[in-house]
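One structure is given here, and the rest of the page talks about it.
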Number of protein chains: 2
Amino acid sequence: MVDRKSSSEGQVAELIDCIGRLAHFLQFVEGLNPAQWEALRFLARANRYSQTPGALACFLRTSRGTTSQTLRVLESKGYVRRFPDRRDRRVVQLELTPAGAALLDHDPMLRIQEAAANLSGEMGSDLAEGLSRILHAVEKRCGLDEFGVCWECGHFLVNNAADDRAGPHRCGLTGDPLREAETRLLCVNTIPITPQA
Amino acid sequence: MVDRKSSSEGQVAELIDCIGRLAHFLQFVEGLNPAQWEALRFLARANRYSQTPGALACFLRTSRGTTSQTLRVLESKGYVRRFPDRRDRRVVQLELTPAGAALLDHDPMLRIQEAAANLSGEMGSDLAEGLSRILHAVEKRCGLDEFGVCWECGHFLVNNAADDRAGPHRCGLTGDPLREAETRLLCVNTIPITPQA
DNA sequence: TGACTTACTATCGAGTCGATACTATATAAT
DNA sequence: ATTATATAGTATCGACTCGATAGTAAGTCA
């Protein structure tokens with residue numbers, strides 16, 4: 001049996017476990033369950049390439065089948081809408097309905113966000129840094145893929161000068177113009193910057 | 001809709017969410033699921049007063065009924081053993097079998113513990129401090145009860161001099177003697193120190 | 001055209017989950 | 001002592017997650 005001494009690293013893992021259970025428990029509200037809340041949050045944070053069942057499944061680290069069921073429930077409750085993708089007719093595009101977006105004001109994870117906000121600024125940023133390192137270390141070690149935003153993506157083509165209405169920037173993968181706000185959203189297609197440099 | 005700007009506190013909540021999902025995913029191994037792993041870990045960390053279905057349910061923040069089923073599965077797999085309590089015949093005492101204890105060497109949460117161990121010592125302890133504050137703040141705000149160890153418990157009666165084989169210390173609630181090792185285990189009955197001072 | 005890949009859905013069995021109802025035991029009130 | 005009530009645990013139900021598997025539809029490439 002492993003040595004579970006109360007050293008710092010052991011405590012961190014235990015605390016993450018504990019907060020995870022707490023978050024799990026808190027998310028049984030408003031008639032939803034944790035997986036459904038996760039899906040709503042993701043759809044509010046995902047860019048157009050990622051508002052699909054497949055990207056959601058990837059993000060939730062679950063199968064497409066399971067995700068399909070979760071979406072069926074959310075659609076039946078009127079929080080999510082599906083519509084076909086024009087470019088690729090295999091793809092289903094997802095969208096939060098106004099009711100779904102409004103429901104996020106009651107997101108139980110806001111309880112945790114509020115508690116984090118009450119930490120001192122320095123402690124909050126240190127905490128974010130530490131958690132981020134752990135997250136990426138485990139993802140890398142287990143060969144899991146990560147989501148990111150344009151500014152951390154090798155496909156991103158910045159253009160700060162132009163002021164096109166469709167968006168000043170551009171995605172090097174799809175060629176699509178990107179509005180400023182879109183560059184802050186999560187994307188399935190992100191790759192590390194300068195992969196061959 | 002809530003303002004989800006990428007400020008520090010928002011990042012912390014999002015990272016906790018993300019690591020929670022990661023932990024959830026990692027725990028579908030060895031034929032077990034997250035709830036079953038949580039139960040095994042708890043039983044390895046709980047003192048004799050807390051190795052019961054009721055205490056486990058309280059710790060997991062789930063119903064007794066659900067816990068009963070989880071235990072039935074773990075017992076059928078040979079990881080947990082039940083035996084009657086002599087003092088109170090309503091109570092069922094739980095115990096990890098050797099197989100159950102050995103299985104904890106393959107606990108998927110060790111992946112996260114290892115990643116935490118790779119942080120610098122200072123960052124690790126800061127991380128533990130921040131997570132602990134968030135955890136307790138949310139628990140307090142939501143009126144949830146917490147588990148603790150003897151050294152943080154108002155019932156605890158320290159006795160560093162005596163060297164009784166049954167244990168030098170004592171629990172003021174039950175009157176039982178406590179061995180040194182037992183005082184590091186989780187207990188359902190913990191209360192704040194000096195509740196009326 | 002045909003082989004292959006990708007995006008999604010449907011279905012199955014095991015398990016979680018809350019809710020409810022139930023049994024057995026302990027404790028308090030009378 | 002008897003009764004009422006509270007507590008510990010279990011059983012069962014329906015909704016849901018989950019992985020696994022199989023299937024459909026659509027895009028891609030040889």
Side-chain angles (χ1 to χ4, degrees), chain A residues 20-21 23-40 48-77 79-80 82-94 108 174 188-189, chain B residues 20-40 48-77 79-94 108 174 188-189:
Chain A
R21 254 194 329 278
H24 185 72
F25 168 74
L26 291 175
Q27 288 179 105
F28 285 96
V29 287
E30 307 277 345
L32 298 185
N33 62 32
Q36 293 161 353
W37 277 111
E38 301 276 9
L40 288 185
R48 60 183 120 154
Y49 308 127
S50 309
Q51 291 183 318
T52 71
L56 177 58
C58 184
F59 186 75
L60 297 182
R61 301 188 204 285
T62 188
S63 69
R64 281 187 226 272
T66 298
T67 302
S68 193
Q69 296 176 71
T70 298
L71 287 170
R72 197 172 49 192
V73 175
L74 289 176
E75 193 181 19
S76 77
K77 291 181 191 271
Y79 299 136
V80 168
R82 311 163 109 103
F83 54 97
D85 185 303
R86 275 166 198 78
R87 300 198 204 186
D88 186 336
R89 284 187 296 168
R90 293 172 304 177
V91 175
V92 169
Q93 286 284 330
L94 302 171
T174 64
V188 238
N189 299 322
Chain B
R21 254 194 329 279
L22 178 61
H24 185 74
F25 168 73
L26 291 175
Q27 287 179 106
F28 284 97
V29 286
E30 306 278 345
L32 299 186
N33 62 31
Q36 294 162 352
W37 277 111
E38 301 277 8
L40 287 186
R48 59 183 119 156
Y49 309 128
S50 309
Q51 290 182 318
T52 70
L56 177 58
C58 184
F59 186 76
L60 298 181
R61 301 190 204 284
T62 187
S63 70
R64 281 195 250 271
T66 298
T67 302
S68 193
Q69 296 176 73
T70 298
L71 286 170
R72 196 172 52 191
V73 175
L74 289 176
E75 193 180 20
S76 78
K77 292 180 190 270
Y79 298 137
V80 168
R81 205 172 69 82
R82 311 161 108 105
F83 55 95
D85 185 303
R86 275 165 198 78
R87 301 196 204 188
D88 187 335
R89 286 187 294 169
R90 293 172 303 179
V91 175
V92 169
Q93 286 284 330
L94 303 171
T174 64
V188 238
N189 299 321

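All chains are named by letter (A, B, ...) in the order of the sequence lines, taking the proteins before the strands, and each is independently numbered beginning at 1.
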Taking 4.0 Å as the cut-off, does a side-chain nitrogen or oxygen of A:Thr62 come that near to OP1 or OP2 on D:dG19? yes
Give a yes/no verdict on a cation-pi contact between A:Arg21 and B:Phe59, requiring under 6.0 Å between NZ or CZ and the six-membered ring centre and an angle within 45° of the axis. yes
Any A:Arg89 side-chain nitrogen or oxygen under 4.0 Å from OP1 or OP2 of D:dT24: no
Figure out the CD/P separation between B:Gln69 and D:dT17, and round it to whole Å. 17 Å
Determine whether a donor-acceptor pair (one donor, one acceptor, N or O, separation below 3.5 Å) exists between the side chain of A:Arg90 and the base of C:dT6. yes
Proximity to DNA chain C (any heavy atom under 4.0 Å), residues of residues 22-40 of chain B only: B:Asn33, B:Ala35, B:Gln36
Separation of A:Leu60 atom CG from D:dC16 atom C1', in whole Å? 15 Å
Using OP1 and OP2 only, check whether a side-chain N or O of B:Ser68 sits under 4.0 Å from D:dG9. no
Spell out, as yes or no, whether a donor-acceptor pair under 3.5 Å connects the side chain of B:Ser68 to the backbone of B:Gly65. no
Between D:dA8 (C1') and B:Tyr49 (OH): distance, integer Å: 18 Å
Rounded to whole Å, CZ of B:Arg21 lies from C1' of D:dT17 at a distance of 15 Å
Describe the nucleic acid contact of B:Thr52 in one word from base, sugar-phosphate, nothing, applying a heavy-atom distance below 4.0 Å. sugar-phosphate
Counting only side-chain N and O atoms of B:Thr66, is one of them less than 4.0 Å from OP1 or OP2 of C:dC17? no
Quick check on DNA chain C: between B:Arg87 and A:Gln93, whose nearest nucleotide comes earlier from the 5' end? A:Gln93
How is A:Thr67 classified with respect to the nucleic acid when contacts are heavy atoms under 4.0 Å: base, sugar-phosphate, or nothing? nothing
Taking only the side-chain nitrogens and oxygens of A:Arg72, find out if one of them lies under 4.0 Å from OP1 or OP2 of C:dC8. no
Would a 4.5 Å heavy-atom cut-off, applied to side chains only, mark A:Gln27 and A:Asn33 as touching? no
Candidate nucleotides C:dA26, C:dT5, C:dC8, ranked by approach to the side chain of A:Val91 - the nearest: C:dC8
From CD (A:Glu38) to CZ (A:Arg61), nearest 0.5 Å: 11.0 Å
Within the structure, does a side-chain N or O atom of B:Arg64 lie under 4.0 Å from either OP1 or OP2 of D:dA8? yes
Any side-chain heavy-atom pair from A:Leu32 and A:Leu74 closer than 4.5 angstrom? yes
Can you check the B:Leu71 CG to C:dG15 P distance for me, whole Å? 13 Å
Please tell me which of B:Ser76 and A:Gly54 maps to the more 5' nucleotide of DNA chain C, matching each residue to the nucleotide holding its nearest heavy atom. A:Gly54
